Structures are given as structure tokens and as C-alpha cells.
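Structure, as C-alpha cells:
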Amino acid sequence: MTTPKKTYHDYVIKDGKFIGKFEDMYRHFEDPWMQSQQPNRYSRQVAIMNMKRYGIRSVVEYGCGLGYYADWIHRETGIVCQSIDISKTAIKKAKAKFPHLDFHVGNIRDMGSLKNKAHIDCILLADITWMILQDLDYVNTELLKHFRGKYLINNFVTYKGTQKYGLDFFTTTQEYIDYMPFKLIGYAEGTTIDDHNIDSTTIFKIEPKQV
Ligand SMILES: C[S@@+](CC[C@H](N)C(=O)[O-])C[C@H]1O[C@@H](n2cnc3c(N)ncnc32)[C@H](O)[C@@H]1O
């Protein structure tokens, strides 16, 4: 019997279990999540609209991967995000593709060590939520500690009845909003009949929400 060929998912979340071998994955796969095509366009576009609407000019982006969204944001707003990813291979490739942008290796857990925190308007997470789920409470505590009063924009997808991982956290955008401890400013969702997921963006003010 032949073993089925590995896909990039095998390095991330497999059979409902978190694997998290991002560096290995980027060494083996050129374009995981079809990043070069930037799927999940509803959330990405609305998040850019929100950056313009709320006067956001300086952005730290965690989980930037190969840098395509940072480039899209730059083309539409002129913002050069400080874009950070845990994989050094991803960052090397992003730097080669988009030399006019700003990429660094780093872990979202270490946001406290960022320089010039006072000058940052917004923390952006684009399709990294499921990958940092076990750290989410810690990340939220750090956000409040270091970026109180700033914006948090999060783009991520939920699944139409096929979710296997993180069921004890949230399964819909509304459950995610309820889970988060920050003041909601706005959200949007988009999907098509053919899509197996629902693409969402949320924007929060990083301050405790009133309950
Ligand atoms: C689904 S990809 C999204 C890439 C890019 N944001 C996009 O949407 O095109 C998630 C990215 O998060 C990165 N990542 C995972 N855990 C991380 C962490 N703790 N800190 C920083 N980046 C992380 C992975 O290496 C991967 O590149």
C-alpha cells in the first residue's frame, strides 16, 4: 500500500490536531494556502476599507507568510506594514518578492519586544487565528498590555459544518466576537454558495468590552 502524498495541511492542522511545523512546511511547499492568489478576498478588501475609514497609517501584521497581503495593502493605502512571520523561509521569500516592504521573523507571543509600540495604530492578523488558538488568551492579554486604545483587525474563516479543530473555542464569527475581550467596532462576512467556508473580518478597539 502506498502512503498518501503529504499536503501542506499535514504540517499545520491534521485530523483535528494542531501540528504547527510552519518552517518545515514552507521548505516543502511553494505557495501554501494559495497565498499568491489571495483567496478570502471579502475580508481582505473590507479590512483595507476599515484601515482607510479609521485613519490607520501604521500596521504590524502577524503571520504575514509570503507577504502578498502586505503588498496588496501597500498598493491600496501606501502603508508599509511591519510584517512578521514565525517561519524564516517565508520571510526570506517575502523579502525577495517584495523588497520595498518590511518583513521580519518573529512570534506573535513576543509582541512585547516590538520597538516604537506607541506609534503603531493597528495590529493585523490575516488567517492566523486557527494557528495561534492555544495562545489566544495570552495574545489577548499582551495586546491589552502593550496596545491599549489601538485597533485590532482580524481576518479569518469559519467552516460550514466541517470544522474539526477548535470546536471548544468558536465555530462562527459571532462566537469569535463573543469570545474576544475587546470592544467591537465592526465586522463583515462574505461567502458564495460554492465556498466551503465563510470569510470574515472584525475590527476591535483594544480596550475591555462592556459586558
Ligand atoms: C494561513 S497563513 C497566512 C499567511 C498570510 N497572512 C496570508 O493570509 O496570505 C498563516 C501564517 O501564520 C504564521 N504563523 C503561525 N504561527 C505564528 C506565530 N506564533 N507567530 C507568527 N506567525 C505565525 C505561519 O507561518 C503562516 O505563514
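First listed ligand is number 1; within each ligand, the first listed atom is number 1. Since this is a predicted model, take the numbers as computed values, not measurements.
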Handout entry: Residue Asn107 vicinity, atoms of ligand 1 by number, heavy atom under 4.0 Å
Key =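 With Asn107 as reference, the close atoms of ligand 1 come out as 18 (C), 19 (N), 20 (N).
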Exercise for the section: Give the numbers and elements of all ligand 1 atoms closer than 4.0 Å to a heavy atom of Gly106. Expected result: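 Contacts of ligand 1 toward Gly106, numbered from 1: 20 (N), 21 (C).
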Practice task
Check for a donor-acceptor pair, side chain of Asp199 on one end and backbone N or O of Val157 on the other, with a separation under 3.5 Å.
Solution key: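 Side chain of Asp199 to backbone of Val157, a donor-acceptor pair under 3.5 Å: no, none is there.
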Exercise for the section: Please confirm whether the backbone N or O of Met180 pairs with a side-chain atom of Lys209, one donor and one acceptor, at under 3.5 Å? Expected result: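 It does hold such a pair.
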Problem - Ring-face cation contact, Tyr26 with Lys93, 6.0 Å cut, 45° max - result: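 No.
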Exercise for the section: Measure from NZ or CZ of Lys205 to the centre of the six-membered ring of Phe182 and say whether it is under 6.0 Å with the direction within 45° of the ring axis. Expected result: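 Output no; distance or angle outside limits.
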Practice task
Assert yes or no for the condition that the ring centre distance of Tyr187 to Tyr176 is strictly below 6.0 Å.
Solution key: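 Centroid separation for Tyr187 and Tyr176: 6.0 Å or greater.
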Handout entry: Centroid-centroid distance, Phe170 to Trp130, less than 6.0 Å
Key =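 Under 6.0 Å, so yes.
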Please list the nearest protein heavy atom to [atom] with its residue and the distance rounded to 0.1 Å.
{"atom": "atom 6 (N) of ligand 1", "answer": "Gly63 O, 2.7 Å"}
{"atom": "atom 9 (O) of ligand 1", "answer": "Gln38 NE2, 3.1 Å"}
{"atom": "atom 1 (C) of ligand 1", "answer": "Asp127 O, 3.0 Å"}
{"atom": "atom 8 (O) of ligand 1", "answer": "Arg44 NH2, 2.7 Å"}
{"atom": "atom 16 (N) of ligand 1", "answer": "Phe22 CE1, 3.7 Å"}
{"atom": "atom 20 (N) of ligand 1", "answer": "Ile108 N, 3.0 Å"}
{"atom": "atom 13 (C) of ligand 1", "answer": "Asp85 OD2, 3.2 Å"}

Problem - Test item, Cys64 contacting ligand 1 (heavy atom, 4.0 angstrom) - result: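 Contact check Cys64 vs ligand 1: positive.
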Exercise for the section: Report yes or no: does a heavy atom of Trp33 sit under 4.0 Å from some atom of ligand 1? Expected result: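 A heavy atom of Trp33 does come that close to ligand 1.
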Polar proximity ligand 1 side, [X] side, N/O cut 3.5 Å exclusive:
{"X": "Tyr26", "result": "yes"}
{"X": "Ile86", "result": "yes"}
{"X": "Ile132", "result": "no"}

Handout entry: Value rounded to 0.5 Å, distance of CE in Met49 from CD in Glu76
Key =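 Spacing of CE (Met49) from CD (Glu76) equals 10.0 Å.
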Handout entry: Intermediate values then yes/no, ring pair (Phe, Tyr, Trp, His ring centres under 6.0 Å), Phe169 and Tyr179
Key = CA-CA 8 Å; Phe169 281 77; Tyr179 184 90; 5.7 Å; yes
Practice task
Might you work through the ring pair (Phe, Tyr, Trp, His ring centres under 6.0 Å) test for Tyr151 and Phe204, ending with a clear yes or no?
Solution key: CA-CA 6 Å; Tyr151 291 104; Phe204 298 93; over 10 Å; no
